[in-house]
**Q** 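Questions regarding the structure given below will be posed in turn.
The sequence lines fix the lettering, A, B, ..., with proteins before strands; numbering per chain opens at 1. This is a predicted model, so every value here is computed, not measured.
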Amino acid sequence: DGGITQSPKYLFRKEGQNVTLSCEQNLNHDAMYWYRQDPGQGLRLIYYSQIVNDFQKGDIAEGYSVSREKKESFPLTVTSAQKNPTAFYLCASSRTGGGPSGGEQYFGPGTRLTVT
Amino acid sequence: AQSVTQLDSQVPVFEEAPVELRCNYSSSVSVYLFWYVQYPNQGLQLLLKYLSGSTLVKGINGFEAEFNKSQTSFHLRKPSVHISDTAEYFCAVSSPDSWGKLQFGAGTQVVVTP
């Protein structure tokens with residue numbers, strides 16, 4: 001089955017530690033995205049990548065970093081500089097970034113990160 | 001810049017009753033419009049989309065939505081809901097030049113009771 005996997009489902013970290021969230025897709029999609037979800041705020045875009053070895057900041061990139069070394073993988077690192085990292089993180093992909101297909105995104109199951 | 005407003009944060013509805021979820025958007029350019037559904041502790045799933053053409057679009061699970069350009073709205077409807085429709089619903093907008101950057105509304109929680 002084609003899809004997006006995110007691991008782990010739940011992640012606990014101490015304040016001051018960096019943590020990396022995994023996202024893998026086998027849909028052969030060019031574009032990938034990371035969103036943060038907080039209650040009552042919808043989804044906010046952290047980073048996106050339209051092609052391998054290229055990525056751009058979204059609306060709330062401060063305190064986060066990404067890499068896109070392989071088409072199928074787009075890991076997100078939450079650094080100690082992120083002031084409020086506790087949230088639900090969702091990874092998504094689309095066939096391409098441009099045009100209407102960019103909005104047709106396939107989402108992973110999410111990782112719930114708790115930092116104490 | 002684009003923005004999306006979902007007018008109801010929560011909509012309670014009885015099983016087999018109709019439901020309408022309201023979505024308004026603002027944009028200075030032509031838009032693509034989407035509705036996504038999120039079941040508890042899961043990712044989002046695309047329900048339906050408006051790209052161009054017919055203003056009434058049908059999606060999965062019996063949902064439909066109507067694009068109204070003059071009112072800048074894209075309301076979602078279902079004539080008869082099931083308990084399994086209990087979920088959060090998100091309206092989202094993008095444009096031809098936004099390169100996949102979706103702007104999401106804050107979401108509407110639908111609670112279906114027997």
Side-chain angles (χ1 to χ4, degrees), chain A residues 3-10 21 23 25 27 29-51 54-61 74 87-112, chain B residues 1-10 21 23-25 27 29-54 57 59-60 65 67 74 87-109:
Chain A
I4 299 180
T5 56
Q6 291 186 245
S7 60
K9 190 170 179 63
Y10 298 95
L21 282 60
C23 176
Q25 56 101 355
L27 300 166
H29 284 173
D30 284 329
M32 297 187 74
Y33 313 83
W34 273 106
Y35 294 93
R36 171 183 172 134
Q37 186 176 21
D38 297 284
Q41 295 193 47
L43 278 70
R44 292 181 290 168
L45 183 64
I46 304 172
Y47 269 97
Y48 63 106
S49 168
Q50 295 168 9
I51 200 165
D54 184 55
F55 50 83
Q56 287 81 40
K57 293 181 180 180
D59 300 321
I60 56 165
F74 191 40
F88 190 50
Y89 291 88
L90 287 160
C91 179
S93 71
S94 62
R95 188 168 57 83
T96 65
S101 65
E104 299 180 38
Q105 296 181 11
Y106 293 76
F107 284 79
T111 292
R112 191 168 298 278
Chain B
Q2 300 157 338
S3 66
V4 177
T5 302
Q6 292 185 241
L7 296 159
D8 306 290
S9 60
Q10 188 165 40
L21 308 185
C23 172
N24 286 95
Y25 69 92
S27 176
V29 297
S30 60
V31 295
Y32 304 129
L33 293 157
F34 305 85
W35 276 99
Y36 284 85
V37 60
Q38 184 179 34
Y39 300 103
N41 294 312
Q42 294 186 27
L44 278 68
Q45 179 184 7
L46 181 65
L47 268 181
L48 49 77
K49 63 193 178 201
Y50 170 79
L51 304 179
S52 65
S54 174
V57 293
I60 61 172
F67 170 59
F74 190 54
E88 189 152 25
Y89 293 79
F90 293 95
C91 183
V93 62
S94 70
S95 64
D97 61 350
S98 66
W99 288 96
K101 290 177 66 177
L102 281 170
Q103 190 70 37
F104 283 89
T108 298
Q109 180 68 46

**Q** Need one label for B:Gln109: side chain, backbone, both or neither, based on atoms under 4.5 Å from any heavy atom in chain A.
**A** neither

**Q** For each of A:Glu104, A:Gln37, A:Gln41, A:Arg44, tally heavy-atom pairs with chain B at distances under 4.5 Å, and name the one with the top tally.
**A**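 Winner by heavy-atom pair count: A:Glu104.
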
**Q** Counting only heavy atoms closer than 4.5 Å, note whether A:Tyr35 contacts chain B via side chain, backbone, both or neither.
**A**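 When you check distances to chain B, only side chain atoms of A:Tyr35 fall under 4.5 Å.
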
**Q** Taking side-chain contact (heavy atoms from CB on, under 4.5 Å) as the definition, give me every residue that meets it alongside B:Ser94, ordered by chain and number, with sequence neighbours left out.
**A** B:Tyr32, B:Phe34, B:Ser98, B:Leu102

**Q** Measuring heavy-atom distances to chain A, does B:Gln38 have an atom under 4.5 Å in its side chain, in its backbone, in both, or in neither?
**A** side chain

**Q** Please tell me whether A:Phe107 and B:Tyr36 form a close aromatic pair, meaning their ring centres lie under 6.0 Å apart.
**A** yes

**Q** Between A:Cys91, A:Gly58, A:Gly110, A:Gly103, which has the largest tally of heavy atom pairs under 4.5 Å with chain B?
**A**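 Result: the option with the highest number of such pairs is A:Gly103.
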
**Q** Between A:Ser94 and A:Gln105, is there a side-chain heavy-atom distance shorter than 4.5 Å?
**A** yes

**Q** Quick check on A:Gln56 against chain B: is it the side chain, the backbone, both or neither that has a heavy atom closer than 4.5 Å?
**A** neither

**Q** Under 4.5 Å heavy-atom distance to chain B, tell me which part of A:Asp59 shows up: side chain, backbone, both or neither.
**A** side chain

**Q** How are the rings of A:Phe55 and A:Tyr47 set relative to one another: parallel (under 30°), tilted (30 to 60°) or perpendicular (over 60°)?
**A** perpendicular

**Q** Among B:Leu44, B:Leu51, B:Leu46, single out the residue with the greatest number of heavy-atom pairs under 4.5 Å to chain A.
**A**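 Among the listed options, the one with the most contacts to chain A is B:Leu44.
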
**Q** Return the set of residues passing ring pair (Phe, Tyr, Trp, His ring centres under 6.0 Å) with A:Tyr48 (not counting sequence neighbours), or none when no residue passes.
**A** none

**Q** Could you tell me if A:Arg112 sits above the aromatic ring of A:Tyr10, with its cationic atom closer than 6.0 Å to the ring centre and no more than 45 degrees from the axis?
**A**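 Judged by the rule, A:Arg112 and A:Tyr10 form no cation-pi pair.
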
**Q** Where does A:Leu90 contact chain B at under 4.5 Å (heavy atoms): side chain, backbone, both or neither?
**A** side chain

